[in-house]
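Numbers here simply count residues along the sequence, with the first being 1.
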Amino acid sequence: MDRVKILHGADFHFDTPFKELSASMGEKRNEDIKKSFESLINIVKEEDVSILLLCGDIFDNKCIKKSTLEFLKDRLESINKTKVFIVAGNHDPLNDRSFYNLLTWPENVHIFSNDMEAVVLEDLKTVVYGKSFNSNYEKISLLKGFQVPVEHKKYINIMALHGEIARGEQENEYNPLTLEEIRNSKLDYLALGHRHGFSNIKREGETFYAYSGCPEGRGFDELGEKGIIIGEVYKGYNNLKFRAISQRVYELIEVDLTGINSQEEILRSIISSVDENKRVRNFYKIILKGEVYSDLPINIKKLQYRLKEMFYYIKIIDETTVKLDYDMVKNENSLRGIFLRKVYKKLEEEPDNKESLERALKLAFNALREEDINLDDY
């Protein structure tokens with residue numbers, strides 16, 4: 001055999017607290033993570049995957065539900081013809097208090113210890129290496145000094161690790177791998193966990209390496225489709241590809257309100273910015289942009305209330321600027337006119353403070369309209 005079919009996944013973070021969501025929405029997101037893992041298992045079965053690599057942060061923190069552990073054991077038992085290799089990461093280190101010690105894992109599952117191990121799979125002509133985090137921090141590279149031994153060079157050599165690639169003199173506390181170490185390893189493929197975005201399949205010397213990313217985004221800092229890497233590894237070659245398996249994605253959409261004159265037009269602009277099929281499935285942060293007139297009411301709370309039935313989840317941020325028409329109000333004998341003239345004077349005196357002054361304008365105009373004011377929106 002000159003090739004081996006693998007699936008590479010990482011960073012499931014089972015039982016994530018999802019503190020920014022309501023308790024019920026957080027529970028739904030954790031069910032989504034389980035569904036993504038179920039999708040992974042189905043791919044393994046349907047596509048006859050020989051090796052499954054799970055590269056750390058399978059668990060999220062100090063709490064895990066017994067039902068989640070039972071779910072994992074049951075799903076991994078269901079693919080007993082596939083060799084499963086797991087390394088522990090910074091969120092779920094392997095030590096005396098590890099969740100990994102709470103289960104009798106299926107016979108097809110190997111959890112790598114805190115020492116570098118090599119598992120020879122003669123039937124697949126493959127060697128799989130790995131080393132787990134011992135604590136939440138690993139300040140010295142777990143790959144340091146490693147090179148495929150001479151006796152293994154006839155095999156396909158694959159490694160699973162959790163860690164952060166260090167660039168130049170940059171240091172980190174999460175297994176600071178270097179490109180030089182990757183190049184010197186002489187591995188055929190290095191499967192990595194820790195970063196939550198797919199890195200593309202990269203190469204250093206003879207060694208290909210990649211981050212699969214997480215299977216489910218956990219916030220608006222983790223946008224777009226998430227998934228796994230699947231394909232075949234050869235000696236010096238591979239056909240590995242990313243495949244999305246996420247149940248839902250986080251998206252950021254900018255909506256330009258320039259020229260908009262009413263709350264109803266704002267609603268229509270937001271609704272038309274996202275396809276209906278995606279609205280009812282995904283998480284959306286809508287950023288309102290553009291230059292608007294001072295008398296246009298932008299009430300975030302009311303907008304979200306009106307839209308909540310049309311979106312699975314929506315969060316609206318107002319980043320519009322106020323259209324200043326000094327000629328219109330310079331002689332206006334009103335509180336608004338007086339305030340605006342003072343702001344114009346400040347803008348002339350403090351041009352570097354324009355952003356703060358524009359936020360003050362928006363607050364003031366909403367107050368003058370007797371609108372509800374939430375300082376978090378500004």
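A donor-acceptor pair shorter than 3.5 Å can be found between the side chains of D15 and T68. No donor-acceptor contact under 3.5 angstrom links the side chains of Y234 and D2, judged on distance only. E122 and Y155 share a donor-acceptor pair across their side chains, judged by distance under 3.5 Å alone. Between the side chains of T258 and D256, at least one donor-acceptor pair of N or O atoms lies under 3.5 Å. Inspection of the S113 and E117 side chains reveals an N or O donor paired with an N or O acceptor under 3.5 Å.
The only member of E31, E27, E70 that meets salt bridge (Lys or Arg N to Asp or Glu O under 4.0 Å) when paired with K65 is E27. Partner V84 forms a side-chain contact (heavy atoms from CB on, under 4.5 Å) with one of I51, L7, L52 and no other, that one being L52. Partner of I6 under the side-chain contact (heavy atoms from CB on, under 4.5 Å) criterion, out of I156, L124, L53: L53 alone. Each of K35, K226, E225 was evaluated against S246; a single residue qualifies, E225, per the side chain to side chain donor-acceptor pair (under 3.5 Å) test. Considering H196, H13, H162 in turn, H13 is the only one that fulfils the ring-ring contact (aromatic ring centres under 6.0 Å, His included) rule with H91.
Between G193 and A10 the shortest heavy-atom distance is CA-CB, 3.7 Å. Scanning both residues, A160 and C55, for their nearest heavy atoms gives CB-SG, 3.8 Å. Shortest non-hydrogen contact noted between P106 and E77 is CG-CG, 3.1 Å. Considering every non-hydrogen atom in both G89 and D92, the closest pair reads N-OD1, 2.7 Å. Shortest non-hydrogen contact noted between P17 and D60 is CD-OD2, 3.2 Å. The two residues C214 and E222 come nearest to each other via the heavy atoms SG-OE1, 3.8 Å.
Between F146 and Y129, the two ring planes are perpendicular [angle over 60°; tilted spans 30° to 60°]. Taking the six-membered ring where tryptophan is involved, the planes of H110 and F85 are tilted, since the angle between them lies from 30° to 60°.
Under 4.0 Å is where a charged nitrogen must lie from a carboxylate oxygen, and between K289 and E319 at least one such pair does. Using a cutoff of 4.0 Å between basic side-chain nitrogens and carboxylate oxygens, R29 and E216 are scored as salt-bridged. Look at E264 and R306 and you find a salt bridge, because one of the NZ, NE, NH1 or NH2 atoms lies within 4.0 Å of a carboxylate O, short of that distance. At a threshold of 4.0 Å, the pair R243-E47 counts as salt-bridged, since one of the basic side-chain nitrogens sits closer than that to a carboxylate oxygen. Taking 4.0 Å as the cut-off between side-chain N and carboxylate O, E251 and K285 do not count as a salt-bridged pair.
Distance check: L94 CG to K131 NZ gives 12.0 Å after rounding to the nearest 0.5 Å. Taking CG of D11 as the reference point, atom CG of D57 lies at 5.0 Å (rounded to 0.5 Å). Taken to the nearest 0.5 Å, the CD atom of E38 stands 11.0 Å off from the CD1 atom of I245. Note that CG of L177 and CD1 of I182 are 5.5 Å apart. Values are rounded to the nearest 0.5 Å. With rounding to the nearest 0.5 Å, the separation of CG in D318 from CG in L288 is 5.5 Å. Between L72 atom CG and F59 atom CZ the span is 5.5 Å, to the nearest 0.5 Å.
At a threshold of 4.5 Å between non-hydrogen side-chain atoms, the residues I298 and I300 count as touching. Using a 4.5 Å heavy-atom cutoff, the side chains of N108 and I79 are in contact.
Annotation: ring-ring contact (aromatic ring centres under 6.0 Å, His included) contacts of Y174 (sequence neighbours excluded): Y137, H194.
Heavy-atom contacts from other residues, nucleotides or ligands closer than 6.0 Å to NZ of K139 number 12 or fewer. Applying the 6.0 Å contact sphere to NZ of K235 captures more than 12 heavy atoms from other residues, nucleotides or ligands. No more than 12 heavy atoms of other residues, nucleotides or ligands sit less than 6.0 Å from atom CD of E180. Counting non-hydrogen atoms of neighbouring residues, nucleotides and ligands closer than 6.0 angstrom, the CG atom of L102 exceeds 12 such neighbours. Atom CD of E151 is surrounded by more than 12 heavy atoms from other residues, nucleotides or ligands within 6.0 Å.
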Only distances under 3.5 Å count here; give the side-chain donor-acceptor pairs of residues 266-278 to other protein atoms, sequence neighbours excluded, each with its distance to 0.1 Å.
from: S269; atom 1: OG; to: E265; atom 2: O; distance (Å): 2.9
from: S272; atom 1: OG; to: R268; atom 2: O; distance (Å): 3.0
from: S272; atom 1: OG; to: S269; atom 2: O; distance (Å): 3.1
from: S273; atom 1: OG; to: I270; atom 2: O; distance (Å): 2.5
from: D275; atom 1: OD2; to: N277; atom 2: N; distance (Å): 2.9

Practice task
May I have the step-by-step check of salt bridge (charged side-chain N to carboxylate O under 4.0 Å, His left out) for E232 and K5, ending in yes or no?
Solution key: CA-CA 4 Å; E232 293 171 316; K5 185 77 171 281; 5.7 Å; no

Practice task
Using the side chain to side chain contact (heavy atoms under 4.5 Å, CB included) rule, take Y313 and L21 through it: C-alpha gap first, then chi angles, then the decisive distance, then the call.
Solution key: CA-CA 10 Å; Y313 179 93; L21 302 177; 3.7 Å; yes

Practice task
Give the intermediate values and the outcome of side chain to side chain contact (heavy atoms under 4.5 Å, CB included) for residues N90 and E138.
Solution key: CA-CA 8 Å; N90 60 294; E138 291 285 353; over 6 Å; no

Handout entry: V4/I158 under side chain to side chain contact (heavy atoms under 4.5 Å, CB included): CA gap, chis, key distance, verdict
Key = CA-CA 10 Å; V4 63; I158 297 170; 3.9 Å; yes

Exercise for the section: Carefully, step by step, assess Y189 and T207 under the rule side chain to side chain contact (heavy atoms under 4.5 Å, CB included). Expected result: CA-CA 6 Å; Y189 181 61; T207 302; over 6 Å; no

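For the pair R75 and F37, the cation does not sit on the ring face, since its NZ or CZ is not both under 6.0 Å from the ring centre and inside 45° of the axis. Annotation: cation-pi pair K34/F14 absent, no NZ/CZ under 6.0 Å from the ring centroid and within 45° of its normal.
The backbone N or O of L187 sits less than 3.5 Å from a side-chain atom of S185, completing a donor-acceptor pair.
Annotation: ring pair (Phe, Tyr, Trp, His ring centres under 6.0 Å) contacts involving residues 201-224, sequence neighbours excluded, comprise F220-Y250.
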